[in-house]
Amino acid sequence: MAVPAVAPRRLEGLDRALPVWVAAALALVFLMGLPLGWLAWMSVSGESGFTFRHYEKVVADPALRRALWNTVVMAFWVGLASVAVGAPLAWLTARTDVPGRGLIRALVLASFVTPPFLGAFAWVMLAGPNAGLLNRLWRSATGAEAPLLNIFSMPGLIFVVTIYTFPYVYIMVANTLALIASDLEEAGAILGAGRLWVALTITLPMVLPALASGFILALLQALALFGSPAILALPAGFHTVTTQIWSLFQFPPKVEMAAAFSLPLFLATALLLAAQKRLLGRRGYAAVGGKGGARRVIALGRWRLPALAACLAVMACAIFLPYGILAKAAFSRAWAQPLTWSNLTLKNFTFTFFEYSATQAAIVNTLELGVLTATVGAGLVALLAYVTSRRLVIGHQVIAFFALAPVVIPGVVLAVALFIAYTRPPFLLYGTLWILFIAYLTKEMPVGYAQADATFRGIPTELEDAGRILGAGRFRVLRDVTAPLARSGIIAAWCFVFIGVIRELSASIILFTPSTKVMSVVLFDLKEEGQFGAIAVLGLVMLALTFATVALVQAVLGRDVLGARD
Amino acid sequence: MPGVSLRALTKRYGDTAAVERLSLDVRPGELVALLGPSGCGKTTTLRLVAGFLQPEAGEIWVGDRRLSAPGAVTPPERRRMAMIFQSYALWPHMTVAQNVGYGLRFQRALARAERAKRVAEMLRVVQLAGYEGRYPGELSGGQQQRVAVARALVVEPEILLLDEPLSNLDANLREEMRVEIRRLHEAFGITTLYVTHDQAEAMVISDRIAVIQGGRVAQVGTADELFDTPRSRFVAEFIGKTNLVDAVAVAPDTVERGGLRLRVGAAGLAPGARVTLSIRPHLIAPVAVTETGSNVLGGTVRRASFLGDAMDYEIEIAASDVVLRVTAPPAPRLRAGEAVRVRIEPDACLPLVDPGAAPSSEAT
């Protein structure tokens, strides 16, 4: 009443629990600060002290400049294509009577959680220029010599990245559309505006911030991606920034160069995210945030089935075809051959699990790291989000900043930073699972923190105040009131971190050692050996784990994952 | 049963003071309403008393215990208070019985059976016997309100704090609960601070009202005192409707504004001084157009609204820029545009002691 709800309440919670909050905050700062400090230092340090030599070399090297340009081209087109695919899909499922809306939403979710590098593997099998299934079908159908599709190309890369990136745009737009009450549109219609005019002058401007912000998110995803470019761009003979940084780590490693080259990626990400924040902070979007009134469903009429067909075509590219070819490859002796009885086998499974030496250890490592990171991560983000949402310590804004900061650190850059920080005393962690643990914990922190923060913000402070005034101390209230109410939200945070860890490739690929391989790294090794059957098997295991976790989230939260993220 | 004493409390948010040198004494067993518009600092004051906030200056005493002072704040859980929140703040994962019994868990002297007995007894008092196993989500707004009341009273607090507890109820239920809360206060006699922005609510429920303006106490008194003798423009307007007339004293008991000349009840005005009069609309009586004498003014009806049990007029006073709101019986009915005369008894013209800044409009 007298004080706006946002008014700072710092210091009010000063009590015996203070050391706990402070320790959590310090752990966070340490986690972020040490590697990034080393990264910055390494990029400007030479044998004789401070130098800009590495930066000069980066700028001067035409190969590095080309990689930078390739990345810009790829990310830009991925952003545009994601908007072109994601926005109409969001509008169709949110506002129209297109059949199977629930199914389409579920498929978008599936695309969202599919590790992009698995999709890239699948598309190698579908559209590789020689053995690709679609190309063979094309040749046998037309008698042509030349392949129809070549996935090992810039357009191929853009395509494969887009089909797993458009969900970011979809989420932003669908969630915004869900908040715009139809009466806003009807208010336009009653004044005499036609349907198209309403869409252009009212609906579009209201979703524009969401569109732009989705575009930026998609762009960021593409910038940071390592797997798909490594699988598709390297055979095509070109680099992106991420693959270039990775190759700088191949023997002989040029760590200083990698550090200097990491900074443009880091800065670009930071700038783009700042832009996205500004977009969402604008007045237009805030007006959308009100109470959602009734939403009228737009009848598509004779366009219903064509619209459905278009949606399913997108899903065929993202889900049906890739999953199909992975399943086929997993169960056949030769994935390129037709699926006949003689071609059916379980040999890929025995090979993957029992004969290929690295798999078992990798699965164990991945699960260990997944459970450990998710558990420690969920605990940490719960503490941090509680501290920040309840403003328990001075500088809680700084904690929130640090918890979300890893968003601006692409996996590869983070890995370079961690490599530098933990290959030297006092923290010799390179070669152990701990460095991967720290990498994952840092990388997944923002997702988990955002979820935990939303959870605590959803619990009114008054519920805790009511306990305090009746005689319960802060910890007691935390146990009796806050924890039971936050439980499902924190379990969801656990799941988000877990899903992130089991699919992580871009940091792992730089930080692994032969004894600390994880599933994604083994998949990458298998690609080098051309073992597509084993890739398919391991890929399916990864997908099964992912979808089991997603199902758990849905059961716990009572809604799907897409709505939970923003 | 101790009282509460707030001594020059100050609470700042950045550069703006939400509460500024606010002082107030609540006597043992008394119910005092903190009344004011939103943003006036009343809820901040209540949260300072509860110990959720720490004051930058000033002290809070309950009986002989000093609970708050800058840098020395007793945490809420050790204040022996209870609070009823605007949102009720019932715990959705606990049953009615668990909600109500929660505070008793911290009264170590109580045996488990005794606690259960106290909960059952309190639920009976608030007419919720039989609802022990329900969850808050399964109750109506009024029932949730009663649970919140029971949860606060069952611990037998020294001080009870209420933060706009009725603002989420619909109009009928709100009137019912006003009476109910007053009844419970008379039954339990707990020293109570009650925050509200609704003057009718404050008048029904409280022993005394503290009108809060800009983080300070503008005036404290019973409802009658505040209504009959408001000290300031703000209080006069906030407690009931009134006409405020800025005038100049021409004699110890007479003021003038243009052609308007009124004798006032209080003598002792300094001639030439600026005076603000508060005249309640129901103390202005339309009289026959033939009537003359002092304090009888001629004018024109500018607007006439029928309110069922009364008429609400706006009457433009002749030869002045003053427009008066008048509440009169429905008959005889005056029409807009009609010439009219009104009489205002000198005692109805109250010069404000401390008028405060003049608002933009003439009458309210």
Side-chain angles (χ1 to χ4, degrees), chain A residues 1-18 20-21 291 389-397 455-491 556-558, chain B residues 11 13-14 16 18-19 34 36-47 50-54 71 73 75-94 98-99 102-107 148 151-152 154-155 157 159 161 163-164 167 195-197 212 215:
Chain A
M1 272 277 71
V3 180
V6 291
R9 281 180 54 201
R10 67 202 157 78
L11 277 177
E12 314 309 353
L14 264 184
D15 47 37
R16 284 167 301 164
L18 192 65
V20 179
W21 318 141
K291 244 182 232 168
S389 68
R390 300 299 185 247
R391 302 162 195 271
L392 292 180
V393 296
I394 307 174
H396 54 89
Q397 302 97 328
T455 301
F456 286 118
R457 283 181 199 286
I459 301 171
T461 325
E462 287 197 342
L463 291 183
E464 292 166 3
D465 290 346
R468 294 294 296 280
I469 198 79
L470 286 174
R474 184 170 283 286
F475 277 124
R476 184 70 195 255
V477 166
L478 198 56
R479 198 191 81 190
D480 290 347
V481 176
T482 320
L485 294 174
R487 188 172 52 210
S488 60
I490 300 304
I491 293 176
V556 163
L557 284 185
Chain B
K11 176 71 194 172
Y13 291 115
T16 53
V19 172
L34 301 178
S38 64
C40 72
K42 58 189 189 299
T43 294
T44 304
T45 305
L46 199 71
R47 295 182 65 82
F52 297 131
L53 300 175
Q54 182 175 4
V73 172
E77 60 265 28
R78 278 185 267 145
R79 295 198 164 207
R80 295 176 226 158
M81 295 182 182
M83 183 160 172
I84 299 174
F85 295 83
Q86 188 169 10
S87 64
Y88 314 147
L90 300 181
W91 299 301
H93 60 297
M94 296 188 197
Q98 285 169 334
N99 263 285
Y102 187 79
L104 295 178
R105 295 188 203 177
F106 306 101
Q107 304 193 351
R151 184 176 67 182
V154 76
V155 296
I159 311 293
L161 309 172
D163 184 11
E164 308 238 7
S167 60
V195 161
T196 181
H197 66 270
I212 312 285

Can you name the side-chain hydrogen bond (donor to acceptor under 3.5 Å, both in side chains) partners of Arg457(A), sequence neighbours left out?
Asp453(A)
State, to 0.1 Å, how close [X] and [Y] come at their nearest heavy-atom pair, and which atoms those are.
X         : Y         : value
Asp480(A) : Arg105(B) : OD2-NH1, 3.7 Å
Leu470(A) : Trp91(B)  : CD1-CH2, 4.0 Å
Gly467(A) : Tyr102(B) : CA-CE2, 4.1 Å

[atom1]/[X] to [atom2]/[Y] distance, rounded to the nearest 0.5 angstrom?
X         : Y         : atom1 : atom2 : value
Ile469(A) : Ile84(B)  : CD1   : CD1   : 11.5 Å
Arg468(A) : Arg79(B)  : CZ    : CZ    : 10.0 Å
Met94(B)  : Leu485(A) : CE    : CG    : 8.0 Å

Under 4.5 Å from any heavy atom of chain A, what part of Arg80(B) do you find: side chain, backbone, both or neither?
neither
Residue part contacting chain A, namely of Leu90(B), when any heavy atom lies under 4.5 Å:
backbone
I'd like to check Pro76(B) versus Asp465(A) (side-chain heavy atoms, cut-off strictly below 4.5 Å). Are they in contact?
no
Find out whether Glu77(B) and Val477(A) are in side-chain contact, i.e. whether some heavy atom of one side chain is under 4.5 Å from a heavy atom of the other.
no
Given that the side chain runs from C-beta out, which part of Leu463(A) has a heavy atom under 4.5 Å from chain B: side chain, backbone, both or neither?
both
